[in-house]
Engineer: 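Input: one structure, supplied below.
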Amino acid sequence: MPLSKLKKSPKRLLKTVKKNWPEVILVVFAFCFSWWLMWHTFDYKDGQMLIAAKVWSDFAANIPLIRSFSWGKNWPPEYPLFPGEPIRYHFLFYFLAGMLEKIGLPLNWALNLPSILGFFGLLIIIYSLTKLIFTKKSVALLAVIFFLLNSSLSFLEFFRQHPLSLNTLSEIVSNRNFPSFGPYDGKVISAFWSLNIYTNQRHLGVSYFFVIFIIYLLLKSIKEEKNLKPWQILLVGFLFGIMPFFHKVAFLMTGLILFLFFLFFAKLRRPILIIGLIAAILATPQIFYQMGGNFGGVSFRPCYLITYPLTIKTFFYYWLQNLGVSLVLIPTGFWLANKLAKKVFLAVLPLFLIGNLFQFSPEIAANHKFFNLFIIVGNMFSAFAIWWVWQKKFLGKIIAPVLVFLMTFSGIVDFFPIKNDIIYAIDDAPKNPDILWIKQNTPSDAVFLNSSFLYHPASLGGRKIFLGWPYFPWSAGYDTWKREKIMRNIYENKNPQEICRLLKENKIDYFTVEDISNDPNLPKVESWFFQDNFKYSFKDPKSGMQIYSVKDNCR
């Protein structure tokens with residue numbers, strides 16, 4: 001580059017920053033907020049995992065999955081909480097985190113770094129797609145804000161619990177509990193609209209980024225009246241093709257959107273065919289690998305989480321509670337939108353319909369993934385509707401801020417339980433001698449019969465456990481009832497020969513014994529019996545954990 005141009009570059013950069021300062025602020029905010037959100041909910045210090053209470057449950061499955069790749073041997077991949085069968089859970093994000101830890105990154109960096117980049121990318125692509133469709137920076141900025149702060153009516157539930165008073169502001173800021181967390185607390189408004197879903201399911205933000213990025217590239221070629229470049233077609237085909245291992249529902253949603261784009265946009269038909277061919281080559285073996293399970297495929301299941309009799313009235317009441325004013329603003333924005341935007345909305349609308357009509361996994365609540373993506377795009381139309389209202393002179397200047405308040409207040413209330421969440425500390429190796437012994441003295445592909453479920457030392461040490469907390473493998477389609485029966489039969493048996501037969505028959509390499517008498521979810525384990533009839537390989541005098549080798553005891 002000539003010296004004269006090099007000297008001008010800083011001036012041009014400064015001029016660009018001044019011209020686009022709102023977008024520069026957005027990028028900086030998006031990165032800093034993503035960084036804070038992920039590190040706030042998971043960290044690692046002084047040999048301890050620091051896990052926020054609201055991600056405690058999901059991380060009991062996520063961390064064993066990561067460790068099965070970083071400290072264990074898990075290829076071809078099996079679910080480390082239900083070994084012996086091909087994995088049926090989309091694992092690729094956690095495989096990446098495992099590989100990062102394997103090459104030397106600390107666990108917190110290995111998990112948080114891709115989480116941050118995924119969530120940051122999602123915020124930026126939401127802004128970019130909205131700006132592309134509606135050509136208004138203000139609309140795009142509103143779409144990002146509406147994504148971060150949900151529009152449900154959960155703030156009304158908060159006021160039922162905390163009546164309006166002079167202390168309301170301090171009660172909001174100091175709040176530690178979500179006002180509504182349906183269906184798990186029996187309330188109507190679901191748990192899936194706050195940022196909690198993205199801190200728990202770290203792969204979700206990246207998956208949605210892939211989907212919206214694909215939409216963005218295709219629409220950009222339409223807007224600019226340019227053909228997609230070969231590298232762009234290959235990139236989209238690759239991203240689409242790896243989705244079954246990255247996120248199965250994202251793969252399904254992307255396929256549906258691309259099919260409708262094929263119908264709506266004649267200029268995209270040829271590249272979509274090529275993209276589909278590339279994706280089919282990559283995705284087919286992944287789909288076949290994950291097939292199976294005790295769940296009988298797709299079933300007709302109308303009304304999602306509506307537990308009361310399904311009528312038009314109850315349906316609209318449920319979604320009014322969960323979408324708030326978006327229930328009106330989304331169709332209003334669609335009615336006001338340009339032709340291109342309307343086609344985008346019609347391509348995404350089936351996600352809302354499918355989520356309300358069909359069940360794809362043993363747990364109907366898992367359909368939230370359809371609604372989350374629909375709401376992301378729907379927020380773009382809500383933002384456009386509010387921008388349109390703002391243009392209406394004096395009355396619009398009054399109504400628009402009220403609508404923004406209603407679109408964001410529940411999200412503000414839901415933010416503070418995440419910010420104020422308590423942190424649990426779990427000892428990791430070498431601080432936890434049980435994990436350290438397992439890591440150093442057992443084969444990396446060993447299978448443990450576990451005497452407890454959550455955060456078992458074997459699963460934190462990268463080994464597979466016979467049956468993790470049953471909800472996790474059950475929701476992925478595994479037959480947990482059969483395995484739980486075997487587990488109880490082994491631990492409650494008083495015949496050493498029969499115990500050995502069952503251990504060998506189920507390809508178990510080690511089993512643990514500990515005091516779990518206070519947990520009704522677990523078998524009754526009597527330590528004295530196993531100490532009298534088997535020889536343990538390791539015993540922790542502090543925790544009382546005993547580890548037995550099947551090979552050494554069942555010759």
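The figures that follow rest on heavy atoms only: side chains count, while hydrogens, waters and symmetry mates do not. A quick note: this is a predicted structure, and the numbers were derived from the prediction, not measured.
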Engineer: Determine whether the aromatic ring centres of F472 and Y89 lie less than 6.0 Å apart.
Structural biologist: no

Engineer: If you count every heavy atom of other residues, nucleotides or ligands that lies below 6.0 Å from W36 atom CH2, does the total exceed 12?
Structural biologist: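 Counting neighbours around CH2 of W36, more than 12 heavy atoms of other residues, nucleotides or ligands fall under 6.0 Å, so yes.
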
Engineer: For the residue pair K397 and W390, would you count it as a cation-pi contact if the rule is NZ or CZ under 6.0 angstrom from the ring centre and within 45 degrees of the ring axis?
Structural biologist: yes

Engineer: For Y184 and S190, which I'm curious about, is there any donor-acceptor pair between the side chains at under 3.5 Å?
Structural biologist: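 Looking only at side-chain atoms, S190 and Y184 do not form any donor-acceptor pair under 3.5 Å.
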
Engineer: Check whether more than 12 heavy atoms from other residues, nucleotides or ligands sit under 6.0 Å from atom CG of N521, and answer yes or no.
Structural biologist: yes

Engineer: Hey, what's the ring geometry for F384 with W387, parallel, tilted or perpendicular (30° and 60° as the breaks)?
Structural biologist: parallel

Engineer: Salt bridge or not for R67 and D428, using N-O below 4.0 Å?
Structural biologist: yes

Engineer: Can you confirm if the aromatic rings of F178 and F181 lie within a centre distance of less than 6.0 Å?
Structural biologist: yes

Engineer: Using the ring of each side chain (for Trp, its six-membered ring), is Y208 parallel, tilted or perpendicular to H247, with breaks at 30° and 60°?
Structural biologist: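 It falls in the tilted class, 30° to 60°.
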
Engineer: Rounded to the nearest 0.5 Å, what separates atom CG in L132 from atom CD1 in I215?
Structural biologist: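 Result: 11.0 Å between the selected atoms.
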
Engineer: Do the two ring centres, one from W109 and one from W39, sit under 6.0 Å apart?
Structural biologist: yes

Engineer: On the 0 to 90° scale, with breaks at 30° and 60°, tag the F345-F334 ring pair as parallel, tilted or perpendicular.
Structural biologist: tilted

Engineer: Would you call the rings of Y304 and Y318 parallel, tilted or perpendicular, where under 30° means parallel and over 60° means perpendicular?
Structural biologist: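 Geometry flag for Y318 against Y304: perpendicular rings.
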
Engineer: Could you tell me whether the side chains of S543 and E514 share a donor-acceptor contact shorter than 3.5 Å?
Structural biologist: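 No, no side-chain donor-acceptor contact under 3.5 Å.
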
Engineer: Do the ring centers of F120 and W35 come within less than 6.0 Å of each other?
Structural biologist: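 No, ring centres 6.0 Å or more apart.
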
Engineer: Ring centroids only, cut at 6.0 angstrom: are F210 and F251 within range, meaning strictly under it?
Structural biologist: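 No; F251 has its ring centre 6.0 Å or more from that of F210.
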
Engineer: Testing the 3.5 Å rule here: is there a donor-acceptor pair between the side chains of N112 and R202?
Structural biologist: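 Judged by distance alone, the side chains do pair up.
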
Engineer: Quick one: sort the F59 and F42 rings into parallel, tilted or perpendicular, breaks at 30° and 60°.
Structural biologist: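 F59 vs F42 ring planes: tilted.
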
Engineer: How about T199 and T41: does a side-chain donor come under 3.5 Å of a side-chain acceptor?
Structural biologist: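 No, no side-chain donor-acceptor pair sits under 3.5 Å.
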
Engineer: More than 12 heavy atoms of other residues, nucleotides or ligands under 6.0 Å from CZ of F33: yes or no?
Structural biologist: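 Atom CZ in F33 is packed in, count exceeds 12.
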
Engineer: Look at the aromatic rings of F370 and F360 and report parallel, tilted or perpendicular, splitting at 30° and 60°.
Structural biologist: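 F370 and F360: tilted rings.
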
Engineer: CZ of F159: more than 12 outside heavy atoms within 6.0 angstrom?
Structural biologist: yes

Engineer: With no hydrogens and no angle check, just 3.5 Å: does a side-chain donor-acceptor pair link N356 and W319?
Structural biologist: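 Yes.
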
Engineer: Do the side chain of Q359 and the main chain of P362 share a donor and acceptor less than 3.5 angstrom apart?
Structural biologist: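 Looks like yes, one N/O pair under 3.5 Å.
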
Engineer: Check for me whether the distance between the ring centres of H203 and Y94 falls short of 6.0 Å.
Structural biologist: yes

Engineer: Indicate whether the side chain of N150 and that of S152 have a donor and an acceptor atom separated by less than 3.5 Å.
Structural biologist: yes

Engineer: Indicate the ring-plane relationship of F352 and F315, choosing parallel, tilted or perpendicular according to the 30° and 60° boundaries.
Structural biologist: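 Taking F315 first and then F352, their aromatic rings stand perpendicular (interplane angle over 60°).
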
